[in-house]
Amino acid sequence: MKKRLAFLLAAVLLVMAVGGGQATVLAKTSGKTAVSAHGRLKVKGVNLVDKKGKTFRLKGFSTHGINWFEQYVNQNAFRDLKKMGINCIRLAMYTSDYNGYCSGGDKAHLEEVIDRGVKACKAEGMYVIIDWHILNDSNPNTNIDEAKKFFRKMSSKYKKYNNVLYEICNEPNGGTTWSDIKKYANTIIKVIRKNDKKAVIIVGTPNWSQRIDEAAGSPIKGQKNIMYALHFYAATHKDDLRNLVAKTRQKGLPVIISECNISEASGNGYVDVAEGKKWFKTIKKYKLSCIAWSFCNKDETSALIKQGVSKTKGIKKKDLSKTGKFFVKMFK
Ligand code: IDC
């Protein structure tokens, strides 16, 4: 009997030890969550709306590259953020920077990290954006064949999930035109729609997802639930870019701020709180969704976790950087 008890105790201890690692799947949270209350999101006119047709704002944190800071992709951390008012996580998967998905990265592992992130968000009742994070590879058509395969796989895997959104090309840049992007988007949207008729799909815009005016001049036709990305870094991008929001709304373009910060466009340097507040005036006026870059402790001012804080669970407000605290406050 004693032996059996000792064995049982050892087994329990072993489970606890294993359970302390990254892969822990916590119980589903009880009570009302963003996803249980608002359901599958869709696009109505210029707005992102919930299942009842009411305008809904995503308030999110984006990961840094999951090929670099994957330790933050865990349910404990997401739950910590949820307690601070975050209702969405963007999983940024670089395609060609840092051993990205198309530049030598471990595809199977990256897909596992995405899966962990998607499932953690589902368990926490949070929305999740799967982001094909092009950057170095300025034109999304460069890796369109890989993108097709990737989104075919993702949309098949997550078609039953009501909390998943797709961002199909983070920031086209260099000489990439809106017509190049449209060509790419029309292909990828069709791939996703074959499996998933409804998920919201976010399309990047020229010049590092700033020229929403070009998209407004010639939006994608014949597709529902499409949004257009506007990215800003407040210490660099000011009135000129903000003015495009009003301008494109008049033209009926649904815009989403799927990445932003109050640092300089480099992701580092000066943190402009005053300009950040101006951005939030616009964001609140038009009830825009907004996702902050990036959920990590890298030594750069856009990092949302404070320098020297290395925990990836039990994260409290005091562990956030100046920029992290700013966003949590603005999201209130
Ligand atoms: C930055 C990261 C930085 C990294 C760099 C290059 O913050 O650590 O070294 O990318 O990969 C974007 C991009 C985003 C950038 C960010 C800041 O979407 O990948 O992250 N930024 O430069 N667009 C505008 C700014």
Side-chain angles (χ1 to χ4, degrees), residues 58 60-73 88-105 110 113-114 129-140 142-143 147 165-174 176 181 184 202-212 227-238 240-242 244 255-272 275-276 279 289-307 309-310 320-324 326-327:
L58 292 171
F61 272 15
S62 173
T63 65
H64 195 288
I66 57 163
N67 22 0
W68 191 354
F69 286 98
E70 72 157 271
Q71 65 270 36
Y72 289 96
V73 182
C88 175
I89 301 290
R90 177 185 189 236
L91 300 170
M93 186 185 70
Y94 279 99
T95 51
S96 95
D97 305 54
Y98 310 113
N99 278 328
Y101 193 83
C102 310
S103 61
L110 291 167
V113 179
I114 291 178
I129 300 174
I130 298 177
D131 163 39
W132 183 254
H133 202 82
I134 69 156
L135 197 62
N136 241 339
D137 43 348
S138 323
N139 188 327
T142 312
N143 288 312
L165 297 84
Y166 298 99
E167 182 160 3
I168 61 174
C169 51
N170 169 48
E171 293 185 352
N173 60 75
T176 309
I181 300 168
Y184 167 83
I202 303 164
V203 182
T205 55
N207 201 42
W208 290 278
S209 285
Q210 292 174 37
R211 297 303 301 269
I212 46 175
M227 297 199 93
Y228 300 84
L230 173 66
H231 292 179
F232 75 79
Y233 283 73
T236 307
H237 310 121
K238 306 179 181 183
D240 286 351
L241 194 56
R242 272 194 294 274
L244 292 186
V255 167
I256 179 167
I257 300 177
S258 48
E259 188 189 294
C260 67
N261 200 277
I262 55 174
S263 70
E264 294 170 20
S266 64
N268 209 348
Y270 184 58
V271 170
D272 201 331
E275 279 296 326
W279 270 105
S289 288
C290 175
I291 318 292
W293 180 265
S294 73
F295 184 34
C296 74
N297 66 351
K298 191 177 170 184
D299 183 14
E300 59 181 13
T301 52
S302 62
L304 299 166
I305 300 285
K306 214 190 239 171
Q307 274 308 288
V309 173
S310 58
L320 300 180
S321 64
K322 184 177 176 185
T323 48
F326 172 85
F327 280 99

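Because only heavy atoms are used, hydrogens play no part in the values below, and waters and symmetry mates are left out as well, while side chains stay in. We count ligands from 1, going down the list as the structure has it; atoms in each ligand are counted the same way.
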Student: Check this for me - ligand 1, Trp208, N or O atoms closer than 3.5 angstrom, yes or no?
Tutor: no
Student: Parallel, tilted or perpendicular: which one describes the rings of His64 and Tyr94, with boundaries at 30° and 60°?
Tutor: tilted
Student: For the CD1 atom of Ile66 and the SG atom of Cys296, what is their distance to the nearest 0.5 Å?
Tutor: 13.5 Å
Student: Measure the distances from the heavy atoms of Ser266 to every atom of ligand 1 and state whether one is below 4.0 angstrom.
Tutor: yes
Student: Specify the protein heavy atom at minimum distance from atom 24 (C) of ligand 1: its residue, its atom name, and the distance to 0.1 Å.
Tutor: Tyr233 CE1, 3.2 Å
Student: Could you check atom 10 (O) of ligand 1 against the protein and tell me its nearest heavy-atom contact, residue, atom and distance included?
Tutor: Tyr94 OH, 3.1 Å
Student: Using a strict 4.0 Å cut-off to heavy atoms of His64, name the atoms of ligand 1 that fall inside it.
Tutor: 2 (C), 3 (C), 7 (O), 8 (O)
Student: Does Tyr233 reach the side chain of Glu259, with side-chain heavy atoms less than 4.5 Å apart?
Tutor: yes
Student: So, do Glu171 and Leu135 sit near enough that their side-chain heavy atoms are less than 4.5 Å apart?
Tutor: yes
Student: Once rounded to the nearest 0.5 Å, what's the spacing between atom CZ of Phe327 and atom CZ of Phe295?
Tutor: 14.5 Å
Student: Looking only at distance, does Trp68 have an N or O less than 3.5 Å from an N or O of ligand 1?
Tutor: no
Student: Answer yes if the ring centres of Tyr101 and Trp132 are under 6.0 angstrom apart, and no otherwise.
Tutor: yes
Student: Relative to the heavy atoms of Lys298, which atoms of ligand 1 are at a distance of less than 4.0 Å?
Tutor: 3 (C), 4 (C), 8 (O), 9 (O)
Student: Heavy atom of His231 under 4.0 Å from ligand 1?
Tutor: no
Student: Using a strict 4.0 Å cut-off to heavy atoms of Ala265, name the atoms of ligand 1 that fall inside it.
Tutor: 17 (C), 21 (N), 22 (O), 24 (C), 25 (C)
Student: Should you measure from each heavy atom of Tyr98, which atoms of ligand 1 turn up under 4.0 Å away?
Tutor: 4 (C), 5 (C), 6 (C), 9 (O), 11 (O)
Student: Distance to 0.1 Å, residue and atom name: give those for the protein heavy atom nearest to atom 3 (C) of ligand 1.
Tutor: Glu300 OE1, 3.4 Å
Student: Below a 4.0 angstrom heavy-atom separation, can you tell me which part of Leu135, side chain or backbone, both or neither, approaches ligand 1?
Tutor: side chain
Student: For the rings on Trp68 and His133, is their centre-to-centre separation under 6.0 Å?
Tutor: no
Student: Which protein heavy atom lies closest to atom 13 (C) of ligand 1, and at what distance to 0.1 Å?
Tutor: Glu259 OE2, 3.3 Å
Student: Below 4.5 Å, heavy atoms only, C-beta onward: do Trp279 and Leu241 meet side chain to side chain?
Tutor: yes
Student: Asn170 heavy atoms, cut-off 4.0 Å: which ligand 1 atoms fall inside?
Tutor: 18 (O)
Student: Let me know which of Ile129, Asp131, Ile114 forms a side-chain contact (heavy atoms from CB on, under 4.5 Å) with Leu91.
Tutor: Ile114
Student: What atoms of ligand 1 come within less than 4.0 Å of a heavy atom belonging to Gly267?
Tutor: 17 (C), 22 (O)
Student: May I ask you to list the atoms of ligand 1 that are less than 4.0 angstrom from any heavy atom of His133?
Tutor: 13 (C), 14 (C), 18 (O), 19 (O)
Student: I'd like to check Trp293 versus Thr323 (side-chain heavy atoms, cut-off strictly below 4.5 Å). Are they in contact?
Tutor: no
Student: Heavy atoms, side chains only, cut-off 4.5 Å: are Gln307 and Asp299 in contact?
Tutor: yes
Student: Of all the atoms in ligand 1, which lie at a distance below 4.0 Å from a heavy atom belonging to Asp97?
Tutor: 11 (O)
